[in-house]
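Chain letters run A, B, ... following the sequence lines, proteins first, then strands; residues in each count from 1.
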Amino acid sequence: MPELAEVETVARGLRPLAGRRIVAVRFGKTDFIDHPERIEALLPGSRLVEVRRHGKLLLLAFDREPAAAKAAPALPGARFWLVVHLGMTGQLVLHEAACPPARHTHVWFSLDDGRELRYTDIRRFGHLRLASPEELAVLVAPLGAEPLELSEAEFRRRLGSRRARVKALLLDQHVLRGLGNIYADESLWRARLHPMRCGSDLTAEELDRLWRAVRAVLREAIRHGGTSISDYVNALGRPGSYQKRLRVYGRAGRRCPRCHAAKIERIVVAGRGSHFCPRCQRAGRSAGSGSPRQVRVAAGKKLPRSLGPG
DNA sequence: AAGATTACCTGAAGGC
DNA sequence: TGCCTTCAGGTAATCT
């Protein structure tokens, strides 16, 4: 599942393509693409000039052919961006043009060196679109801070003021951009925090631990080329190796690699499978079984019998 | 209005 | 053996 570390790895793999020109674009299914006709009109003849990662977004900057200006007056400038979100099963992989395409390949970008950049996406949760610099600014404006760039004070400010569960906050792209389910669980384990803890209940010391944990986990995952569990591969079609180093994700029932005593449990938090060590990551008072709404009711009003203590 | 839940999509896995 | 159901999760839309 492409999260920050996977998208970063793909971006690094695509960077050597800077300077290449797109000569043709071909589509399969386009129901996950915004205005494919715009892509068809603008990309051929354009040159890739830059590859960036923004959270889980892959941003490819192109300088357009002057001749293409007439074809797409909606993008008046010379520079535009191909914005790619890999969703759950998206892959952007460089192939020789002669290589037979994988199933679920939906976009072919033919390059001027005879190779093809292909977008494959089994479940089509991914997203593709073209954006002017102005449109891109609007697109990324709601996104939160880059996890590897924000300060500890900023991290504390963003999470410590929120009543939502810390797991939900880590997954919320408006708080931090780029974390997904795997690295959220790994970070919480490393910081020894229960996923159901509420952001505003975390002490400054706990938030500091979490900030350090997120950075350490992401750096380690990037160093190992990301996590390949089901579908993820890099821009050359090769898997990462961080799945071998996961401490809790997908390891329910196995012994905690830190305390070697308790077994990893899996519960649902924020609608997502959440893996943690019940011994190393204690729930604390605010992280009981009820929803935050029920906790609030419990503090002020009489409880229904079924929710009461004991 | 913040936080929770659901729909989207396909393939793998488990049950009978 | 094969069909059926359930589950996985990133995000946007919808509900409370």
Side-chain angles (χ1 to χ4, degrees), chain A residues 1-8 10 28-34 53-58 83-92 102-107 119-129 138-144 147 157-188 195-202 226-233 243 246 248-253 266-275 286-299 301 304 307:
Chain A
M1 296 130 224
E3 306 180 27
L4 187 150
E6 289 74 37
V7 180
E8 177 64 30
V10 173
K29 289 187 181 177
T30 57
D31 56 348
F32 62 99
I33 304 174
D34 275 8
R53 177 192 60 76
H54 191 93
K56 295 176 191 172
L57 291 178
L58 210 48
V83 182
V84 182
H85 194 301
L86 298 174
M88 287 289 300
T89 53
Q91 303 176 338
L92 201 51
R103 231 163 102 70
H104 303 292
T105 298
H106 296 303
V107 190
Y119 182 78
T120 303
D121 193 342
I122 294 174
R123 289 157 79 175
R124 306 201 304 286
F125 275 16
H127 203 78
L128 255 71
R129 63 170 293 169
V138 171
L139 216 59
V140 302
L143 293 175
R157 195 182 65 73
R158 283 179 172 268
L159 278 84
S161 61
R162 301 283 299 271
R163 308 185 62 155
R165 321 220 115 116
V166 63
K167 172 69 182 272
L169 293 173
L170 290 179
L171 290 178
D172 187 342
Q173 302 299 299
H174 306 97
V175 177
L176 299 177
R177 58 181 194 246
L179 280 186
N181 205 37
I182 295 175
Y183 299 127
D185 280 4
E186 293 296 312
S187 299
L188 288 168
M196 284 190 126
R197 295 285 300 281
C198 291
S200 51
D201 290 336
L202 298 176
T227 304
S228 292
I229 290 178
S230 52
D231 301 282
Y232 162 72
V233 293
Q243 65 278 6
L246 294 176
V248 286
Y249 183 87
R251 301 179 62 84
R266 182 186 181 281
I267 59 174
V268 174
V269 184
R272 293 284 166 259
S274 299
H275 311 74
S286 70
S289 54
S291 70
R293 184 177 303 257
Q294 287 165 328
V295 170
R296 256 198 320 277
V297 170
K301 296 178 187 170
L307 295 173

- Message: Does dT11(C) have its OP1 or OP2 closer than 4.0 Å to a side-chain nitrogen or oxygen of His174(A)?
- Response: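 Negative; the distance criterion is not met.
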- Tyr119(A) ring center within less than 6.0 Å of His106(A) ring center: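 Ring centres of Tyr119(A) and His106(A) not closer than 6.0 Å.
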- Touch class at under 4.0 angstrom, heavy-atom based, for His127(A) against every strand present: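 Here His127(A) touches no strand at all.
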- Query: Which angle, to the nearest 10 degrees, lies between the helix axes at the two ends of the helix from dA2(B)-dT16(C) to dC16(B)-dG2(C), each defined by five pairs?
  - Reply: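 Between the axes fitted at each end of the helix from dA2(B)-dT16(C) to dC16(B)-dG2(C) lies an angle of 60°.
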To the nearest Å, give me how far apart [atom1] ([X]) and [atom2] ([N]) are.
X	N	atom1	atom2	answer
Leu143(A)	dA12(C)	CG	P	8 Å
Asp121(A)	dT11(C)	CG	C1'	13 Å
Leu176(A)	dT11(C)	CG	P	12 Å
Leu170(A)	dT11(C)	CG	P	14 Å

- Partners of Lys167(A) by salt bridge (Lys or Arg N to Asp or Glu O under 4.0 Å), sequence neighbours excluded?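 For Lys167(A) the salt bridge (Lys or Arg N to Asp or Glu O under 4.0 Å) partners, ignoring immediate neighbours, are Asp185(A).
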- Message: Given dG3(B), dG11(B), dG10(C), identify the nucleotide with an atom nearest to the side chain of Met88(A).
- Response: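 For the Met88(A) side chain, the nearest candidate turns out to be dG10(C).
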Between the protein and nucleotides 6-9 of chain B, are there any N/O to N/O pairs under 3.5 Å, and if so, what are the atom names and distances?
unit_1, atom_1, unit_2, atom_2, d
dC9(B), O2, Arg123(A), NE, 2.9

- Task: Run the numbers on Arg129(A) and Leu139(A) for side chain to side chain contact (heavy atoms under 4.5 Å, CB included), then give the verdict.
- Result: CA-CA 11 Å; Arg129(A) 63 170 293 169; Leu139(A) 216 59; 3.5 Å; yes
